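Reviewing the structure listed below.
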Amino acid sequence: MTRMRKLAAALSAAAAVLLALPPTASAATAPHGTFVRENFDHLPLGPVTAGRGWSSDTFHGSLTIERGATGHGRELRLHTEGNGRAFLVLSGLAPAGNSLWARLRLRVDQFPTAPDWAHWTIAEASGSDAPTLVRPLGGQYVPTSGADFWGVGSDLGRTGDWTAWKTSAPAVAGRWSCVEFHLDATDNRVTVYLDGVEQPELTVSTKQHGGTADDFVFPRFDQLKLGWQLYQADPTPSSYDVRMDDVALSTRRVGGCVS
């Protein structure tokens, strides 16, 4: 009987661990340290405003679950009109050490070609303790080059409103990319990876960034938005579609971007 009670206790403890996992995490497939995982396969096709562990934020925009482009699984399509926004919102975050890794697959159908210096955001991290918005994924249309480029940026903090775009990191429309970023609070450092390759020119940190001479300092992160926002009115094109899949947040690099 003692042996049976021990076995029952062990099974009960294992069940408790599984039940304690966040609803967006997968015990079977999530890498160690992963606390958010979303591939949209469990959601019904059609318009959506929320999923397991996430909500949405839209203005002249919408979120829709569609069949995957390869015919397998499902993906999220975010659509906006004009300078609207459409975001998947992960709230209630409390990453250990105020640091996290993010990985997502992404396709932007078209980037803006007008007005000059049109600015767009794909990821925005924030915290309720400070107004600073950290934008690890975004970019800008640069009229002198006639193209859009990736850039890390921030707004509402001591360093002001800035996007540190680089011409060595062109934003290519109409193709899937595997995008990663690391928010490292030890030096308020943002590091970006495209298709598994680090983009060191996009790295920003406490002393090296694109804003004022003040230090760039993270808020205490509790929310991450993933999607699309364009800030200028009457852009060209007049609407935007972004497709997203395989979202994961972790205390360590998730990987999976190198085929």
Side-chain angles (χ1 to χ4, degrees), residues 17-40 50-57 76 87-106 121-138 150-159 164 178-194 196 198-200 202-209 211 215-227 229 244-257:
V17 169
L18 289 174
L19 290 173
L21 285 170
T24 49
S26 166
T29 59
H32 180 67
T34 299
F35 54 91
V36 169
R37 190 174 184 90
E38 177 62 271
N39 62 12
F40 309 105
R52 294 184 300 183
W54 58 268
S55 60
S56 58
D57 174 26
L76 179 67
F87 284 113
L88 174 156
V89 183
L90 296 161
S91 301
L93 303 179
N98 201 36
S99 302
L100 62 87
W101 284 85
R103 192 279 319 278
L104 61 148
R105 301 186 191 279
L106 184 73
T121 294
I122 285 179
E124 181 178 273
S126 60
S128 57
D129 67 321
T132 307
L133 302 175
V134 178
R135 293 166 175 158
L137 287 178
W150 290 105
V152 174
S154 182
D155 195 9
L156 302 182
R158 289 182 297 176
T159 56
C178 189
V179 183
E180 303 166 272
F181 58 85
H182 183 203
L183 302 176
D184 183 358
T186 59
D187 190 24
N188 301 289
R189 182 177 297 269
V190 181
T191 309
V192 177
Y193 300 74
L194 301 177
E198 183 179 349
Q199 309 294 307
L202 296 179
T203 298
V204 303
S205 60
T206 307
K207 300 292 185 182
Q208 297 181 336
H209 51 79
D215 285 354
F216 174 50
V217 179
F218 287 171
R220 189 72 186 174
F221 294 124
D222 58 22
Q223 180 175 271
L224 177 66
K225 294 182 177 182
L226 299 171
Q229 183 169 7
M244 187 181 300
D245 204 355
D246 296 332
V247 175
L249 306 186
S250 181
T251 57
R252 59 184 64 187
R253 190 175 183 183
V254 179
C257 284

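From a predicted model like this one, the values you see are computed outputs, not experimental measurements.
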message: Suppose the criterion is salt bridge (Lys or Arg N to Asp or Glu O under 4.0 Å): which pairs have a residue in residues 88-104, not counting sequence neighbours?
response: none

message: Run the side chain to side chain donor-acceptor pair (under 3.5 Å) test against Asp129 and tell me which residues pass, sequence neighbours left out.
response: none

- prompt: Does the side chain of Leu194 come within less than 4.5 Å of Val179's, by heavy atoms?
  reply: yes

- prompt: Rounded to the nearest 0.5 Å, how far apart are CD of Gln223 and OG of Ser128?
  reply: 9.5 Å

message: Quick check: closest heavy atoms across Cys178 and Arg105, and the distance to 0.1 Å?
response: SG-NH1, 3.5 Å

- line: OG (Ser99) and CG (Asp187) are apart, to the nearest 0.5 Å, by 10.5 Å

- prompt: Going through the checks in order, is the side-chain contact (heavy atoms from CB on, under 4.5 Å) test met by Val190 and Leu183?
  reply: CA-CA 5 Å; Val190 181; Leu183 302 176; 3.7 Å; yes

field: Residues in side chain to side chain donor-acceptor pair (under 3.5 Å) contact with Asp57, at least two apart in sequence or another chain
entry: Arg85, Lys225

task: Report, as yes or no, whether the 6.0 Å neighbourhood of atom CD on Gln208 holds more than 12 heavy atoms from other residues, nucleotides or ligands.
output: no

- line: Nearest heavy-atom approach of Gly196 to Cys257 is N-CB, 3.6 Å

message: Below 30° counts as parallel, above 60° as perpendicular, anything between as tilted: where do the rings of Phe221 and Phe218 land?
response: tilted

message: A side-chain contact here means heavy atoms from C-beta on lying under 4.5 Å apart; do Val134 and Phe181 qualify?
response: no

query: Would you find a donor on one side and an acceptor on the other, under 3.5 Å apart, between the side chain of Thr121 and the backbone of Gln229?
result: no

field: Residues in side chain to side chain donor-acceptor pair (under 3.5 Å) contact with Glu180, at least two apart in sequence or another chain
entry: Arg253

query: Hey, does Phe216 have a side-chain heavy atom less than 4.5 Å from the side chain of Ser154?
result: yes

- prompt: Can you name the residues that form a side chain to side chain donor-acceptor pair (under 3.5 Å) with Ser55, not counting sequence neighbours?
  reply: none

message: If I take atom CD1 from residue Ile122 and atom CG from residue Leu104, how far apart are they, to the nearest 0.5 angstrom?
response: 8.0 Å

- prompt: Counting N and O atoms only, with roles assigned by atom type, does the side chain of Asn98 sit under 3.5 Å from a partner on the main chain of Pro219, one being a donor and the other an acceptor?
  reply: yes

- request: Specify the closest pair of heavy atoms between Pro136 and Val152, including all atoms of both residues, with the distance to one decimal.
  value: O-CG2, 3.6 Å

task: For Ser56 and Val89, work out which heavy atoms get closest and say how close.
output: C-CG2, 3.9 Å

query: Roughly how far, to the nearest 0.5 Å, is the CG atom of Leu76 from the CG atom of Leu88?
result: 6.5 Å

field: Contact summary for Thr132 and Gly157, nearest pair of heavy atoms
entry: OG1-CA, 3.3 Å

query: Going by heavy atoms in the side chains, are Thr34 and Leu249 under 4.5 Å from each other?
result: no

task: Under the side-chain contact (heavy atoms from CB on, under 4.5 Å) rule, collect the residues that match up with Asp215, sequence neighbours excluded.
output: Arg158, Thr206, Lys207, Val217

query: Under the 3.5 angstrom rule, does the side chain of Ser250 hit a backbone N or O of Gly33 as a donor-acceptor pair?
result: yes

- prompt: Does the side-chain contact (heavy atoms from CB on, under 4.5 Å) test come out yes or no for Phe35 and Leu90, once each step is laid out?
  reply: CA-CA 11 Å; Phe35 54 91; Leu90 296 161; over 6 Å; no

statement: Minimal heavy-atom distance between Thr191 and Glu198, with the atoms involved, is CG2-OE2, 3.6 Å

- prompt: Any chance the side chains of Trp54 and Glu38 put a donor and an acceptor closer than 3.5 Å?
  reply: yes

task: Using the side-chain contact (heavy atoms from CB on, under 4.5 Å) rule, take Val36 and Leu224 through it: C-alpha gap first, then chi angles, then the decisive distance, then the call.
output: CA-CA 11 Å; Val36 169; Leu224 177 66; over 6 Å; no

